[in-house]
Chemist: 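Before I ask anything, here is the structure I am working with.
Reckoned from all heavy atoms, side chains included, excluding hydrogens, waters and symmetry mates. Along the sequence shown, residues are numbered consecutively beginning with 1.
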Amino acid sequence: MIGFIVRYIIIAGIILIIPRYLKGIVVDGFTTALLVALVMGFLNSFVKPFLQIISFPITFMTLGLFSLVINVGIVYLTELYVPGFQVSGFVAPLIFSFVVGFSSTVVGWFTK
C-alpha cells in the first residue's frame, strides 16, 4: 500500500513538471496532477484495453500506429474528467503519454 502511494506521488510530481517543458499541456497544481495520475491509471487499466480490442483491425492495418491515437485519446479523456488539466494539439498529449508511461515504468521498478 505504501508503494502504491509513493508511486502515485512521484508520478504526480512528474506530471506537474512536464508542462514546464511541453507547450500544450496545463496542470494547475499538485492536487490536479495527483488526480491526473489516478484518472490516467484508471483509464489505462480499464478503458484502454477495451479500445485496443475494438480497434484491433485498424491497428493491424496501420502496423500499430493507431495505438498512438488511442494514447492521445486517453489523455483527452483525462482532460474531460479532471478540472484544471488542459490539453491542446496532438503531439503534446502524445509526448505527455510517452513520458508518463515511461516514468511510471521506471518508478514501478523501484517501488515494488
Side-chain angles (χ1 to χ4, degrees):
M1 182 70 174
I2 299 281
F4 174 80
I5 294 169
V6 169
R7 185 176 315 141
Y8 273 100
I9 289 173
I10 292 171
I11 293 169
I14 292 168
I15 289 172
L16 193 60
I17 292 171
I18 292 172
R20 294 182 184 173
Y21 301 104
L22 187 61
K23 293 185 179 192
I25 305 287
V26 176
V27 179
D28 284 347
F30 186 73
T31 306
T32 303
L34 192 58
L35 283 171
V36 168
L38 290 172
V39 170
M40 279 191 72
F42 178 79
L43 291 175
N44 281 329
S45 296
F46 296 107
V47 176
K48 187 175 179 181
F50 179 72
L51 291 175
Q52 288 175 334
I53 290 170
I54 289 175
S55 68
F56 177 73
I58 297 169
T59 305
F60 183 74
M61 288 189 300
T62 60
L63 301 175
L65 291 177
F66 191 74
S67 63
L68 301 175
V69 175
I70 293 173
N71 286 337
V72 171
I74 293 294
V75 175
Y76 273 107
L77 277 174
T78 304
E79 178 191 21
L80 289 175
Y81 292 117
V82 179
F85 178 61
Q86 299 171 354
V87 181
S88 63
F90 183 82
V91 176
L94 181 64
I95 294 171
F96 180 79
S97 67
F98 282 151
V99 171
V100 170
F102 178 74
S103 61
S104 178
T105 301
V106 172
V107 169
W109 290 340
F110 295 109
T111 59
K112 289 234 174 195

Chemist: Give the C-alpha distance, both sets of side-chain angles, the deciding distance and a yes or no for side-chain contact (heavy atoms from CB on, under 4.5 Å) between Thr62 and Val69.
Modeler: CA-CA 11 Å; Thr62 60; Val69 175; over 6 Å; no
Chemist: State which residue, out of Asn71, Leu51, Ile58, fulfils the side-chain contact (heavy atoms from CB on, under 4.5 Å) condition with Phe66.
Modeler: Ile58
Chemist: Taking all heavy atoms of Gly64 and all of Ser67, pick out the closest pair and write down the distance.
Modeler: O-OG, 2.6 Å
Chemist: State plainly whether one hydrophobic cluster holds both Leu63 and Ile70, where clusters connect Ile, Leu, Val, Met, Phe, Trp and Tyr through side-chain heavy atoms under 4.5 angstrom apart.
Modeler: no
Chemist: Quick one: list whatever passes ring-ring contact (aromatic ring centres under 6.0 Å, His included) with Phe4, sequence neighbours left out.
Modeler: Tyr8
Chemist: For residues Ile10 and Trp109: do they belong to one hydrophobic cluster (side chain heavy atoms under 4.5 Å, members Ile, Leu, Val, Met, Phe, Trp, Tyr)?
Modeler: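 Cluster IDs for Ile10 and Trp109 differ.
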Chemist: Same cluster for Leu77 and Ile54 if Ile/Leu/Val/Met/Phe/Trp/Tyr side chains link at under 4.5 Å?
Modeler: no
Chemist: With a cut-off of 6.0 Å (strictly less than), are more than 12 heavy atoms of other residues, nucleotides or ligands near OH of Tyr76?
Modeler: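 Yes, enclosed.
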Chemist: Under 3.5 Å, which donor-acceptor pairs do the side chains of residues 17-41 form with other protein atoms, sequence neighbours left out?
Modeler:
none

Chemist: Answer whether the closest heavy-atom distance between the side chains of Thr59 and Gln52 falls below 4.5 Å.
Modeler: no
Chemist: Same cluster or not: are Ile9 and Phe110 linked, directly or through other Ile, Leu, Val, Met, Phe, Trp or Tyr residues, by side-chain heavy atoms under 4.5 angstrom apart?
Modeler: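 Not linked; separate clusters.
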Chemist: Mind checking whether Ile74 and Leu65 sit in one hydrophobic cluster, side chains of I, L, V, M, F, W, Y counted as touching below 4.5 Å?
Modeler: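 Yes; Leu65 is reachable from Ile74 via cluster members.
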Chemist: Working to the nearest 0.5 Å, report the span between OG1 of Thr111 and CD1 of Ile11.
Modeler: 7.5 Å
Chemist: Using a 6.0 Å cut-off, check whether atom CD1 of Ile5 has over 12 heavy atoms from anything other than its own residue.
Modeler: yes
Chemist: Sequence neighbours left out, cut at 3.5 Å: what donor-acceptor pairs do the side chains of residues 85-104 make with other protein atoms?
Modeler:
from	atom 1	to	atom 2	distance (Å)
Ser97	OG	Pro93	O	3.4
Ser97	OG	Leu94	O	2.8
Ser103	OG	Val99	O	2.9
Ser103	OG	Val100	O	3.0

Chemist: Kindly compute the distance separating CZ (Phe56) from CE (Met61), expressed to the nearest 0.5 Å.
Modeler: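 Separation between the atoms: 10.5 Å.
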